[in-house]
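These values consider heavy atoms only, across backbone and side chains, with no hydrogens, waters or symmetry-generated copies.
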There are 2 protein chains.
Amino acid sequence: MKNSTKLDVDLFENLKLELRRGCLIVAVLAQLRQEHYGYTLRKALDDLGLAIDEGTLYPLLRRLETQGLLVSEWREENKRNKRFYKLSRQGELILQQLLQEWQTINASLERILQEA
Amino acid sequence: MKNSTKLDVDLFENLKLELRRGCLIVAVLAQLRQEHYGYTLRKALDDLGLAIDEGTLYPLLRRLETQGLLVSEWREENKRNKRFYKLSRQGELILQQLLQEWQTINASLERILQEA
DNA sequence: AATACATACTATGTGTAACACAGTATATAT
DNA sequence: ATATATACTGTGTTACACATAGTATGTATT
């Protein structure tokens, strides 16, 4: 029968996804300091423990390119066409700022955890 | 004239908000190991460097209660009625899991950053 | 040579939730 | 009497993830 919608999905899974969401953007930007294309980028993140669905990663890449953080090139490699992405100049700047924010958040969370 | 929509808002601000979003949930849950009401919870988070808009915090609290992670009580204190929230049993469990996930993400991000 | 599987990306619909903005209301200070 | 801080509620818009499905080519297997 299996009639599962987003509603039945395990509550913790959803919260975990929400927690990852913002972090994934940082992870993607950081990875793209070196050129990658979607498929291997996804594998790389997966290996690092940051699994991301195709239907999430590809739209994210396009969105980040639209926002000017990435630049891409459609190129042939090993007889196959692939879209290669890498960080733009602006992307580098934003990445640095986001990493700083990340530190701040980390510090805040650690302070909260020490409270109780 | 001022015709600002979400689109004109500074790009970095949006990304920062996205990064915070998931973390805020963890921060809120962690803070609510001790009872708080909305207003002081917000101030506390603000002091920790995790500023959150009223229009974001209150709906979040209601949502987390609906999901069973928080329990609340409408009570008078200093001649004013306030809604006091605290972590439920299930909330404690979820918080522990989310903190674990947080460690994992942190470790992954650090590995990425060491790469280049 | 046919089939299956891995690779690689695209397209569309739906649901959720943040955020902007505005509103309600009481206590305290000036 | 008025302003300000406190404390919460309500509504609409926008944006994005995720689910799902589709397209298409290369390589390995039988």
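- Rounded to whole angstrom, the span from the CG atom of B:Asn14 across to the P atom of D:dC16 amounts to 7 Å.
- OP1 or OP2 of C:dC19 sits under 4.0 Å from a side-chain N or O of B:Arg21.
- With respect to the salt-bridge test (charged N to carboxylate O, under 4.0 angstrom), the residues B:Glu18 and A:Arg20 do not qualify.
- One interatomic measurement links the two molecules: CD of A:Glu65 to C1' of D:dC16, which rounds to 18 Å at whole-angstrom precision.
- A:Ile52 places its CD1 atom 14 Å from the P atom of D:dC16, with the value rounded to the nearest Å.
- You'll find the side chain of A:Tyr85 stays beyond 4.5 Å of the side chain of A:Leu64, heavy atoms only.
- Set against D:dA17, C:dT10, D:dC8, the side chain of A:Arg62 has C:dT10 as its closest nucleotide.
- Residues A:Tyr39 and A:Tyr58 form a side-chain contact, since some pair of their non-hydrogen atoms from C-beta on lies under 4.5 Å apart.
- For the pair A:Glu92 and A:Lys86, the salt-bridge criterion is not met [side-chain N within less than 4.0 Å of a carboxylate O].
- With a 4.5 Å cut-off on side-chain heavy atoms, A:Leu70 and A:Ser88 do not count as touching.
- A sub-4.0 Å separation between OP1 or OP2 of C:dT7 and a side-chain N or O of A:Tyr39 is present.
- Distance CZ (A:Arg20) to C1' (D:dC16): 18 Å, rounded to an integer number of Å.
- Near DNA chain C, meaning a heavy atom under 4.0 Å away, the residues from residues 70-88 of chain A are A:Trp74, A:Arg80, A:Lys82, A:Arg83.
- Relative to the ring axis of A:Phe84, A:Arg75 places its NZ or CZ within 45° and under 6.0 Å from the centre.
- Comparing C:dC9, C:dA18, D:dC16 against the side chain of B:Leu60 picks out C:dA18 as the nearest.
- Using a 4.5 Å cut-off on side-chain heavy atoms (C-beta onward), A:Leu15 and B:Leu69 make contact.
- For C:dC9, the OP1/OP2 oxygens have a side-chain nitrogen or oxygen of A:Tyr58 closer than 4.0 Å.
- Across the protein-nucleic acid pair, B:Leu15 atom CG and D:dA15 atom P stand 14 Å apart, rounded to whole Å.
- Residue A:Lys43 is the one, among B:Gly55 and A:Lys43, whose nearest nucleotide of DNA chain C lies closer to the 5' end (criterion: closest heavy atom).
- The CG atom of A:Leu24 sits 9 Å away from the P atom of D:dA17 (whole-angstrom rounding).
- Atom-to-atom, CG of A:Leu11 to P of C:dT16 comes out at 13 Å; the value is rounded to the nearest Å.
- For the pair A:Leu57 CG and D:dT20 P, the computed distance is 19 Å after rounding to whole Å.
- For the pair A:Thr56 and D:dA17, the criterion of a side-chain N or O lying under 4.0 Å from OP1 or OP2 is not met.
- Ranking D:dC16, C:dA18, D:dA7 by closeness to the B:Tyr37 side chain, first place goes to D:dA7.
- Here C:dA17 is the nucleotide among D:dA7, D:dC18, C:dA17 with the atom lying nearest to any side-chain atom of B:Arg63.
- Proximity of B:Gln67 to the phosphate of C:dA17: a side-chain N or O atom is located under 4.0 Å from OP1 or OP2.
- With a 4.5 Å cut-off on side-chain heavy atoms, A:Leu98 and A:Leu29 count as touching.
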